[in-house]
Each structure stands twice: as C-alpha cells, then as structure tokens.
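Everything on this sheet refers to the single structure shown next.
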Amino acid sequence: MDMLIKLYELESTLAYSNNEYQSIQNLEIRKPFGYESDETLNWVENNFSPRWKSETSIALHQNPTSCYLAFIEQKIAGFACFNSTALGMFGPTGVSAMYRGKGLGTALLLRCLLDMKSLGYAYAVIGGVGPSEFYSKMVNATKIPNSEPGIYQRITPTN
C-alpha cells in the first residue's frame, strides 16, 4: 500500500518538535558529502538490502543529493532518501537496530519531507508502506486506495 502526505500542510518547525532524538549525544543529521557515498551504500546494503542500496545510490548521485544521514559519534546510524524510486516519492529509509525508537526515523523523515516541500512539491508518496500507523501519526499520511502493488509490482523475490 502507498500513502500520501500533504507537504503544504507541514510546518517548517516540525523537524525540531520531536525532542527525543535531540537528547542523543554526538548526533548529526545532514546530507552526506560525495566522499561518503561508498561508505553510505555499504552501510545500507549491510543493514538493509541490496535493493535499498540501489535506490540510495540514485539519491546520492542527484544534484543536490536527496539523501540524509544520521551520524552518532561520526558513524552512520540511519538514512532517508527521496526521489529515488520515482520523483515525489519518499524512501527508502531505515535506522540501525540499536537506535530504533529514539526518534531518528522521525527526524530523518521530516528533514526529507521539508526538503521536498522547499523544492516545490505539494505532495509526497510513500510507496509500499510497512508501518502505516507511524506515518499517519507523524505527518498525517493517508492511505492511497487501490495502490497495491503499486510501483514495486515488478519486484521478484531474491535469495
């Protein structure tokens, strides 16, 4: 299932309203530098999947990049991308298992969505959503009827 987010309703202060992640010591959320591409792609593949690595590669090689990273003590702890699978789509995104539940996913989501809004997008689509309740709660995302299997219909299982 896909979900829709009205970017024009997002407040620019929203990214800072979740104080949970702000209490993490030595946290930095930013777009990666070019020399961090290989490290980022290896991290995404090792922590998530080769397909997400491919989509992240697309985001990293756009100008400007459409990827954000969360670093804790200068090590990657999470990532989020947009305009990877298709223009106007958010994802992939993920946080290292040891940092889940601390607000990093929310912070990365909001950074991407506010970036999309600043680029002139009115809406963002999240394709193949897993945690729909999270997106509904955080950014008032709504389910798009008849959106399964959506853009990912050509994906075949891999070993």
Side-chain angles (χ1 to χ4, degrees), residues 1-34 36-37 40 43-44 47-49 51-72 76-97 99-152:
M1 168 202 47
D2 296 342
M3 296 186 84
L4 184 71
I5 301 164
K6 297 176 184 175
L7 296 176
Y8 54 85
E9 290 184 351
L10 286 181
E11 297 295 326
S12 59
T13 57
L14 195 56
Y16 305 101
S17 65
N18 181 352
N19 292 325
E20 237 181 316
Y21 74 89
Q22 293 178 359
S23 66
I24 298 172
Q25 296 292 319
N26 301 313
L27 170 67
E28 180 182 22
I29 297 177
R30 64 171 172 79
K31 289 185 174 187
F33 295 108
E36 295 170 312
S37 292
T40 300
W43 186 88
V44 170
N47 287 274
F48 297 98
S49 75
R51 287 192 172 126
W52 280 15
K53 175 186 175 183
S54 296
E55 288 181 295
T56 302
S57 177
I58 298 296
L60 287 170
H61 294 96
Q62 292 181 28
N63 189 14
T65 183
S66 58
C67 180
Y68 280 89
L69 297 177
F71 292 90
I72 297 177
I76 299 172
F79 80 108
C81 304
F82 64 94
N83 287 348
S84 295
T85 303
L87 293 177
M89 290 188 76
F90 170 77
T93 184
V95 173
S96 176
Y99 293 110
R100 290 181 191 149
K102 299 183 185 309
L104 286 182
T106 301
L108 289 162
L109 167 69
L110 294 173
R111 293 283 175 101
C112 283
L113 296 180
L114 290 170
D115 202 357
M116 292 176 77
K117 179 181 178 179
S118 75
L119 291 171
Y121 288 94
Y123 298 94
V125 173
I126 308 170
V129 173
S132 62
E133 301 81 21
F134 168 78
Y135 292 112
S136 295
K137 178 183 172 188
M138 290 298 135
V139 290
N140 202 27
T142 58
K143 295 177 181 177
I144 301 174
N146 304 313
S147 61
E148 287 186 72
I151 198 165
Y152 300 106

Keeping [X] on the side-chain end and [Y] on the backbone end, is there a donor-acceptor pair under 3.5 Å?
X: Ser96; Y: Gly78; value: no
X: Thr65; Y: Ala59; value: yes
X: Arg111; Y: Tyr68; value: no

To the nearest 0.5 Å, tell me how far [X] [atom1] sits from [Y] [atom2].
X: Glu36; Y: Ile76; atom1: CD; atom2: CD1; answer: 7.0 Å
X: Thr93; Y: Leu109; atom1: OG1; atom2: CG; answer: 7.0 Å
X: Ile72; Y: Lys102; atom1: CD1; atom2: NZ; answer: 8.5 Å
X: Glu11; Y: Lys117; atom1: CD; atom2: NZ; answer: 6.0 Å
X: Leu7; Y: Leu113; atom1: CG; atom2: CG; answer: 6.0 Å
X: Phe82; Y: Ile126; atom1: CZ; atom2: CD1; answer: 13.5 Å

Sequence neighbours excluded - salt bridge (charged side-chain N to carboxylate O under 4.0 Å, His left out) pairs with any residue from residues 123-138: none

Non-neighbouring partners of Glu28 that pass salt bridge (charged side-chain N to carboxylate O under 4.0 Å, His left out), sequence neighbours left out: Arg30

Salt bridge (charged side-chain N to carboxylate O under 4.0 Å, His left out) partners of Asp2, counting only residues at least two apart: none

Residue pair Tyr121, Asn83: steps toward the side-chain contact (heavy atoms from CB on, under 4.5 Å) verdict: CA-CA 11 Å; Tyr121 288 94; Asn83 287 348; 3.1 Å; yes

Thr56 side chain near Ser84 side chain, heavy-atom distance below 4.5 Å: no

Aromatic plane relationship, Tyr135 with Phe90 - under 30° parallel, 30 to 60° tilted, over 60° perpendicular: perpendicular

side-chain contact (heavy atoms from CB on, under 4.5 Å) between Met1 and Ser132, worked out: CA-CA 9 Å; Met1 168 202 47; Ser132 62; 3.7 Å; yes

Residue pair Leu110, Val139: steps toward the side-chain contact (heavy atoms from CB on, under 4.5 Å) verdict: CA-CA 8 Å; Leu110 294 173; Val139 290; 3.6 Å; yes

Worked check of side-chain contact (heavy atoms from CB on, under 4.5 Å) between Phe79 and Asn47: CA-CA 11 Å; Phe79 80 108; Asn47 287 274; over 6 Å; no

